[in-house]
Every structure is written in structure tokens, then in C-alpha cells.
Amino acid sequence: MFVLVGLNPQQREAVLHPEGPELVIAGAGTGKTRVLTTRIAWLIEEQGVQPEEILAFTFTNKAAREMQDRVHRMVPHAAGRSWIGTFHATGVRLLRREGSRLGYDRWFTIFDSDDSRSLIKRILKRINADPKQLSPRAVASAISTFKNSSLTPEAASNEAVSRFEEKVAEAYGLYVTELKSMGAMDFDDLICNTVQLLEEHQDIQERYARQFRHVLVDEFQDTNPQQLVMVKALSAVHQNLCAVGDDDQSIYSWRGATVENMLNFEEYFPGAQVIRLEQNYRSTPVVLRAANEVIAHNRRRKGKNLWSDRSGGPPLELWWSEDEEDEAAQVRDRIRRLLAETDASRKHIVILYRTNAQSRALEDALRRESIPYQIIGGTRFYERREVRDLLAYLKVILNPADRVSLARILNVPRRGLGKTTSERFFTELELRGGSALNLLGDKAALAATCGNAPGKRLARFGETLKLLRRLAENSDAAAVLRQLVKAVEYEDFLEKDDPITADERRNNVAELVNAAHEFTSESDDPSLGAFLESVALLADGDRVRDTTDVVTLMTVHTAKGLEYPYVFITGCEDGLLPHASSIEEDDAVEEERRLFYVALTRAQEQVFLTSASMRRRYGSMESCIPSRFLGELPEDCVAEMTLQPTSLFGGPRLTEPRRPRPEFGEGAPRKHKRRDTPVSTDVMADAAAFLKSKARQKAADRSGHGFSDHDVDQSPEMSYHVGMRVEHEMLGIGIIEEVEGIGELMRLTVSFGEDGRKRLLARFARLRVLDSAAD
DNA sequence: ACCGCCCTAATTTTT
DNA sequence: TTAGGGCGGT
Ligand SMILES: Nc1ncnc2c1ncn2[C@@H]1O[C@H](COP(=O)(O)OP(=O)(O)OP(=O)(O)O)[C@@H](O)[C@H]1O
């Protein structure tokens with residue numbers, strides 16, 4: 001059985017599992033995905049299962065494509081016939097076919113989160129919600145939670161205990177009705193409506209459950225309750241479910257995923273066989289030990305026993321830096337050295353971070369030195385304004401009932417249809433019901449509701465839409481898009497709108513046209529609807545190119561399931577990783593730790609960790625402390641490459657240096673030394689000795705004070721710290737509550753007793769230091 | 001209806 | 001730092 005070659009006995013057992021539910025629970029890099037793929041090949045090749053009798057769920061479309069390709073390679077005649085896709089893509093596929101049973105058109109519109117948000121915004125305005133209390137964002141996430149726990153608007157309304165919750169429930173109700181009336185589904189609907197379809201229509205459920213003799217799920221730890229229902233329903237007849245996952249890699253609980261799906265597997269699927277894989281094939285033992293050690297700090301977990309028979313491996317390198325620019329320079333220099341000194345090429349290197357905002361500095365550093373890179377995620381291509389405008393047009397062309405998209409394009413490019421006209425038009429439209437195209441074609445009605453001149457302009461706009469709609473009936477997506485750009489003179493609009501950015505935005509338009517072309521030539525359904533669907537379902541991970549030789553940048557979340565020889569984990573600071581919003585809760589910190597674990601276990605050869613002592617946030621500098629997770633790494637796995645600069649404000653040193661520091665002998669123990677000596681000279685000297693690189697110097701110079709020793713201990717503005725008693729000429733005596741920024745930009749929040757709190761620019765405040773608070 | 005100015009709030013993570 | 005909303009002038 002050729003497909004089994006090279007598998008270890010446990011993997012083999014998992015692949016060859018005969019019938020009934022099976023759970024493969026195993027740590028990172030143990031070959032779970034490989035088992036899943038091989039099992040599909042084996043089922044088809046050896047068990048006589050037809051490719052279309054197989055349903056497999058992956059986390060991204062790219063993973064699906066890869067799985068499809070690999071199965072294809074192992075079993076050529078199976079090409080493209082199995083159902084392999086994400087939960088969302090599979091939901092869409094079922095809903096396109098059977099959605100009419102729920103009252104949806106075959107080409108229902110898929111709302112992305114942005115569309116949902118605009119709809120919610122409109123609804124909140126309509127119900128006079130205070131935008132300060134009810135942000136569209138919060139309501140959107142509440143609605144998502146409702147949907148994922150299959151709570152209807154009525155139920156939500158009944159359960160509401162506060163005025164606030166009532167409003168949210170009200171908005172939820174309107175949102176659901178509006179969506180339905182527009183013939184649109186949001187992301188959650190793609191799952192929830194599928195579940196509804198299967199639950200309410202036995203015949204459909206039975207038909208598909210009978211068809212799918214085998215159901216397989218990758219990354220099972222990150223599925224949500226609705227997805228579990230979907231899996232159950234679709235595997236109900238044959239009960240052949242193979243799920244693989246790793247509870248230590250559950251990192252999406254914030255969007256409703258629950259690891260309980262996996263931990264209670266045997267309860268949900270009685271008689272399930274559980275198989276564990278313990279040999280890691282990906283990483284060096286050093287990386288593995290580091291990862292194991294860190295994750296062992298989580299209390300809520302079923303332990304694992306991961307091992308590797310690879311030998312040796314370089315230690316994890318830990319680089320302390322001054323700020324994010326400095327950090328980026330270190331990363332860039334280290335990459336240069338990797339490329340020069342090892343046989344690594346750029347595509348073997350990934351730079352990971354917790355938040356997309358962190359990519360900026362890294363990107364700048366790489367660009368300056370012309371190291372080619374790709375950024376995955378962040379402000380995605382399909383989120384650019386010009387791209388979204390055009391997509392909105394396409395959505396309206398396909399589905400004129402989509403009022404959210406219609407509202408977006410009504411006056412883009414500007415055609416004299418401003419706020420007033422827009423409001424009148426939509427009020428009338430909602431009053432009448434029916435298609436927007438009907439109203440746009442009714443000149444008398446338009447004139448009556450919006451006035452003569454605006455009415456004419458609306459009618460003209462309607463004509464354009466109708467023309468394009470007719471075109472779309474028998475042309476492909478690319479043709480429609482090209483005609484659209486011409487018809488609305490979109491490029492002229494870009495030029496007029498802002499000549500400075502016009503070029504770049506025109507490029508984005510060209511890129512979109514290009515993407516449509518590519519789609520139409522590659523897809524077996526080149527229609528507009530199919531194109532819009534592919535865009536809506538596109539995941540960040542899908543955009544990872546692994547054929548071109550470039551360094552890759554992405555968030556840790558996006559990196560799940562991938563592997564790279566060299567992994568840089570940047571921003572290892574408390575507040576970032578673990579993220580500030582998770583620090584309060586133990587469970588949340590554990591999820592952050594899993595995130596760190598995921599990051600570490602992406603590495604095949606070596607990990608590089610960076611941690612900055614200051615970081616720009618919202619424009620002003622804030623000091624950072626090292627990530628608590630760094631302290632959880634086994635000492636002998638880590639090599640510190642730079643000295644840990646102490647925060648200018650005497651920030652705590654969470655981790656002790658791991659190596660004797662030749663320059664400074666043993667180094668005085670200063671574990672808990674802080675506050676009493678805000679800026680100790682020897683610490684500054686330590687730092688100064690290390691701050692040699694040009695980038696560092698430059699950054700320091702720009703922020704108004706270099707680390708050159710002469711202004712270190714005299715400059716008064718550097719020695720403010722929280723808890724200090726100070727005197728102000730006018731305001732009197734106060735206590736410093738907060739220190740933000742450095743140098744000229746340093747701002748202090750000082751509490752002056754009865755007189756309240758003041759935020760002062762340290763440079764101008766002329767404060768006299770009375771004394772420091774005792775620790 | 002449109003434009004430009006100022007203010008503010010916000011960045012976790014994504015299908 | 002930046003995007004989006006509110007406001008007031010044209
Ligand atoms: N039996 C084996 N022999 C050699 N290499 C293997 C074997 N099984 C898996 N591998 C390799 O180990 C690496 C990790 O495999 P895979 O991605 O399937 O693991 P995983 O358990 O899904 O990891 P993760 O949970 O981190 O996503 C891959 O490069 C794969 O080719």
C-alpha cells in the first residue's frame with residue numbers, strides 16, 4: 001500500500017481506522033494533516049470509496065487546495081471530485097444548491113464583516129441608539145455570538161436584562177430581517193443557515209449524510225458549536241468521522257470556537273476511537289523542548305508527550321531591542337546574515353507578530369534594504385476603498401436588492417446624489433419594497449420623492465446599472481468589471497478625488513481587474529456570482545505564496561498549520577503577547593500562551609525572539625516589559641544575543657539574564673529593583689554600551705536624547721516615574737500617576753489631590769521633584 | 001451638495 | 001498615527 005510509506009505505526013493506525021468515529025489528538029508537527037490527507041487517498045484507493053463520498057473540512061481554502069492537490073497526486077482519478085473545503089465554503093456550496101428551501105436565491109449575496117457593520121450602523125441610527133454606548137463593532141460581535149449559540153432575536157430579547165441588552169436584541173432582530181429581505185447572508189449565516197437547512201429539512205440532511213460515507217475535519221480544536229452540529233448532521237448516516245486536532249493550538253475562542261468539541265468528542269460521538277501521535281517531525285529537539293516547556297505552564301490541558309528523533313539544533317536566539325524600529329533593524333540584519341551564512345533562502349523565513357499594526361516597522365526595514373517580502377493580512381487588498389467600491393457595484397449588479405452596497409455606490413463617483421436624496425430614496429424604497437431597479441426606472445416616483453433634478457440623476461444611474469446587469473447575464477466577471485470601470489468613469493473619479501494617491505489606487509483597480517481575469521480563466525464557473533463568492537470567502541492564509549522567494553510576514557493566528565525553517569517571533573512583550581486585553585483573565589492568558597506555542601512550533605530549524613522596551617502606540621511612545629512567556633522558556637534552549645536594556649523608567653526586569661555578561665561581570669542582581677532608583681546610572685551605562693548600531697543611534701537622536709552618557713543622568717525629564725511626589729508652580733503638590741512617552745514628548749498624568757488630575761507635558765511643567773514613593 | 005477642517009476614538013486575533 | 005464623523009462655510 002504505497003500511500004502508507006513512511007508513516008509511523010500510530011499514524012498508520014489512524015489512517016487505517018476502519019469504520020466509526022475517530023479522533024486524532026496530537027501536538028504540533030506530528031503529522032495530523034498528513035494523516036488526514038493520506039486517509040482520504042487510502043479510502044479512495046484501497047477501500048473503494050468514491051471521491052464524491054468524501055467530505056473534508058480544512059481551516060483555509062489554501063489548505064483545502066493543498067489537500068486536494070495531494071490527494072490528486074496520490075490518486076489521480078480523484079481529481080477535484082471530493083468535497084474538500086472550509087466550513088464556510090462548504091456551507092455556501094450547500095446553500096447555493098438548496099437555499100431555495102430557506103427562501104434564498106441561488107445567487108444570494110455574501111456580506112463580509114464590513115457590509116455587516118454598515119448595515120448595523122444604519123440600524124443603530126434608525127433605532128436612535130447612542131453610538132457611544134452601542135458601537136457597531138460591539139453589536140456586530142454580540143450578534144455573531146447570538147448566531148453561534150443559535151439564539152433567535154426573540155430569545156435574545158427575552159433574555160435581555162438591561163436597557164442595553166434590549167437595544168442590542170432589537171438591533172439583532174432588525175439586522176436579521178434586513179439581511180433576509182436583501183437576500184444576503186453574513187459569514188455566520190453561512191454556517192447557521194446550513195445548520196438550519198439540515199435540521200429543518202430531513203430529506204436534504206439524509207441525502208447528503210447518505211452521500212458522505214466519510215467526513216473528515218482538520219484543526220478540530222477551533223470549530224464552533226454550530227460547526228459541530230453541521231458535522232454531526234452530515235455524518236449521521238454512516239458515522240464515519242475522522243477529526244484531528246490539538247487542544248494546545250486552540251486560538252480562536254474569541255470567535256466562538258470551543259475546544260470542548262474536541263475534549264468531549266467521545267460524548268458527542270459514542271464509541272469513538274482516540275488515537276494519539278507523539279512523534280514530531282517538524283522541529284529540532286531544542287525548539288520542541290522550548291515549546292513543550294512553555295505550554296506546560298497551562299493548567300487547563302491534557303498533557304502530551306512530544307518527542308523528536310532529530311538531533312541537536314541551534315538555541316532560540318533572544319534579541320532585546322530599544323523600540324520597534326530597532327527591533328526591525330535587528331530582524332532585518334539577522335535575516336541578512338541567515339541568507340549569507342546558511343543555505344536558507346528568503347522563502348524559508350517567516351516573521352510573526354501578534355497584531356497587524358506591528359508589521360509597519362518591519363516592513364519599512366525590509367523595504368529600505370530591498371529584501372523582498374510579502375505581507376499576509378492586515379489591510380487586505382479587498383478592503384481598500386476603491387476595491388470595495390467596485391465590488392459593491394458588482395454586488396448590486398448581481399443582486400439589486402442589496403441596499404447596503406447600493407448605498408455605498410449611489411454617489412461614488414459623485415453624481416449629485418447626496419445625503420438628502422439618498423435618504424429620501426431609501427425611505428421610499430423600503431416603503432415600496434421590491435427591487436431598487438424598479439424604483440430607479442420609475443421617473444415619476446423618483447421626481448415625486450427626490451425632486452426633479454435629483455430624480456433625473458437617479459434615473460440615469462439606474463440606466464447604467466441596468467446596462468451592466470444585462471451585460472452580466474452572459475459575460476464573465478472580468479468583462480463586467482472592465483465595462484463597469486469604463487461606464488462609471490471610475491479612473492477619472494480617482495484622479496479628481498485625490499491626484500496624489502490616484503496612481504496607487506488606479507493600480508489597485510488594475511489589480512482587481514487582473515484578479516477577475518485570472519479567476520475567469522481558471523475557474524470552471526467564470527460568472528460574476530462565482531467571482532464575488534470567491535472574493536468573499538478568501539481567507540488571509542489563501543494569499544500566502546510559497547512559490548516566490550520572499551520573506552513572509554503575518555500574524556501568529558494566520559500562521560497556524562504552516563511551517564518554516566526560520567521563524568522570527570517579534571514583540572515578545574507583556575501587553576502584546578500576551579495581549580493587554582487578555583492579561584486580566586487566566587483563561588485568556590492561557591489562550592495567549594497557546595498562541596506563543598503555535599508560533600514556536602512553526603519552526604523547523606530555529607526560532608528568533610525579539611522584545612522591545614518601548615513601542616509607539618497611537619503615535620506616542622510607551623514603555624514595555626518583556627513577555628512573561630520568555631521567562632517560561634528553558635534556560636539552556638535560549639541564547640541572549642543582546643543585553644536587556646532596562647526601561648528608561650526603571651521598568652521591571654522580568655527575566656534575569658541567562659548568561660554571564662562578559663562586559664559587566666556577574667551583573668548586580670536587580671531583579672526587583674525599581675521605582676527607588678528610576679534611572680540608575682549603571683543600568684544606563686549597560687544599555688549605552690550596547691546601543692551601538694546606527695539605527696539605534698538614529699532613533700535615539702530623533703527622539704531628542706541619545707544614550708550618550710552625558711545627558712543620561714542629568715536630564716531631569718528622564719527621571720520621572722509613577723508614584724513620585726512633585727511640585728508644580730501653579731498647581732501645587734501632586735503624585736505622578738502615569739508616564740507616557742519619552743524626551744520632549746514625555747507626558748505625565750499628575751494627581752493634585754482635590755484639584756484633580758492633569759496631563760502635563762514634562763518639558764514645560766517645570767516640576768520640582770520632592771521625593772519618590774517608597775516601594 | 002460638497003468640501004475642508006477639527007476632533008475623537010481606536011488596534012487584538014479572522015472565516 | 002489615522003480614519004471617520006460632525007460642523008460650518010461656500
Ligand atoms: N511519518 C512522517 N515521516 C516524515 N515526515 C513526516 C511524517 N509525518 C509528518 N511529517 C512531516 O511533518 C511535518 C508536519 O506535518 P503536519 O503539518 O501534517 O503536522 P500537523 O500535526 O498537522 O501540524 P500542526 O498541528 O502544527 O499543524 C510536515 O512537514 C510533514 O511532511
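As the structure is a computational prediction, the values presented were derived from the model and not from experiment. Naming: A, B, ... by sequence-line order, numbering from 1 per chain. Computed over heavy atoms, backbone and side chain alike; hydrogens, waters and symmetry mates excluded.
Taking the charged nitrogens against the carboxylate oxygens, Arg594(A) and Glu591(A) do have a contact shorter than 4.0 Å, which makes a salt bridge. Salt-bridge annotation for Arg615(A) and Glu327(A): present, with a side-chain N of the basic residue lying under 4.0 Å from a carboxylate O of the acidic one.
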Write down the protein N/O and nucleotide N/O pairs, taken from nucleotides 1-6 of chain B, whose separation is under 3.5 Å; answer none if there are no such pairs.
from: dA1(B); atom 1: OP1; to: Thr420(A); atom 2: N; distance (Å): 3.0
from: dA1(B); atom 1: OP1; to: Thr420(A); atom 2: OG1; distance (Å): 2.7
from: dA1(B); atom 1: OP2; to: Gly418(A); atom 2: N; distance (Å): 3.0
from: dA1(B); atom 1: OP2; to: Thr421(A); atom 2: OG1; distance (Å): 2.5
from: dC2(B); atom 1: OP1; to: Gly416(A); atom 2: N; distance (Å): 3.2
from: dC2(B); atom 1: OP2; to: Asn411(A); atom 2: ND2; distance (Å): 3.0
from: dC3(B); atom 1: OP2; to: Arg414(A); atom 2: NH1; distance (Å): 3.1

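A side chain to side chain contact (heavy atoms under 4.5 Å, CB included) with Leu532(A) holds for exactly one of Thr109(A), Asn399(A), Leu398(A), Ile110(A); it is Leu398(A).
Between Leu352(A) atom CG and dT12(B) atom P there is a gap of 19 Å when expressed in whole angstrom units. Counting to the nearest Å, the P atom of dT12(B) and the CG atom of Leu595(A) are 14 Å from each other. Put simply, OH on Tyr353(A) is 13 Å from C1' on dT12(B), counting in whole angstrom units. Residue Asp114(A) contributes atom CG, which lies 14 Å from atom C1' of dT15(B) at whole-angstrom precision. Separating the OH atom of Tyr252(A) from the C1' atom of dT15(B) is a distance of 8 Å, rounded to the nearest angstrom. In this entry the distance linking CD of Glu219(A) with C1' of dT15(B) reads 13 Å, nearest Å.
Side-chain N/O atoms of Asp186(A) and Tyr175(A) include a donor and acceptor closer than 3.5 Å. Side chain to side chain, Thr86(A) and His88(A) fail the donor-acceptor criterion of an N or O pair below 3.5 Å. Donor-acceptor pairing under 3.5 Å is lacking for the side chains of Glu66(A) and Gln68(A). With no hydrogens or angles considered, no side-chain donor-acceptor pair links Tyr382(A) and Asp112(A) at under 3.5 Å.
In this structure, Thr555(A) reaches the sugar-phosphate backbone alone: every heavy-atom distance under 4.0 Å involves primed, P, OP1 or OP2 atoms, never a base. In this structure, Ser135(A) reaches neither bases nor backbone, as no heavy-atom distance under 4.0 Å exists between it and the strands shown. Nucleic acid contact class of Phe87(A) (heavy atoms, under 4.0 Å, all strands): none.
Residues forming a side-chain hydrogen bond (donor to acceptor under 3.5 Å, both in side chains) with Thr421(A) (at least two apart in sequence, or on another chain): none.
Contact annotation: Asn356(A) side-chain N/O to dT14(B) OP1/OP2 distance is under 4.0 Å.
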Its contact letters, B for base, S for sugar-phosphate only and - for none at protein heavy atoms under 4.0 Å, make nucleotides 1-10 of chain C read BS--S-----

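In terms of position on DNA chain B, the residue among His579(A) and Thr86(A) whose nearest nucleotide sits closer to the 5' end is His579(A).
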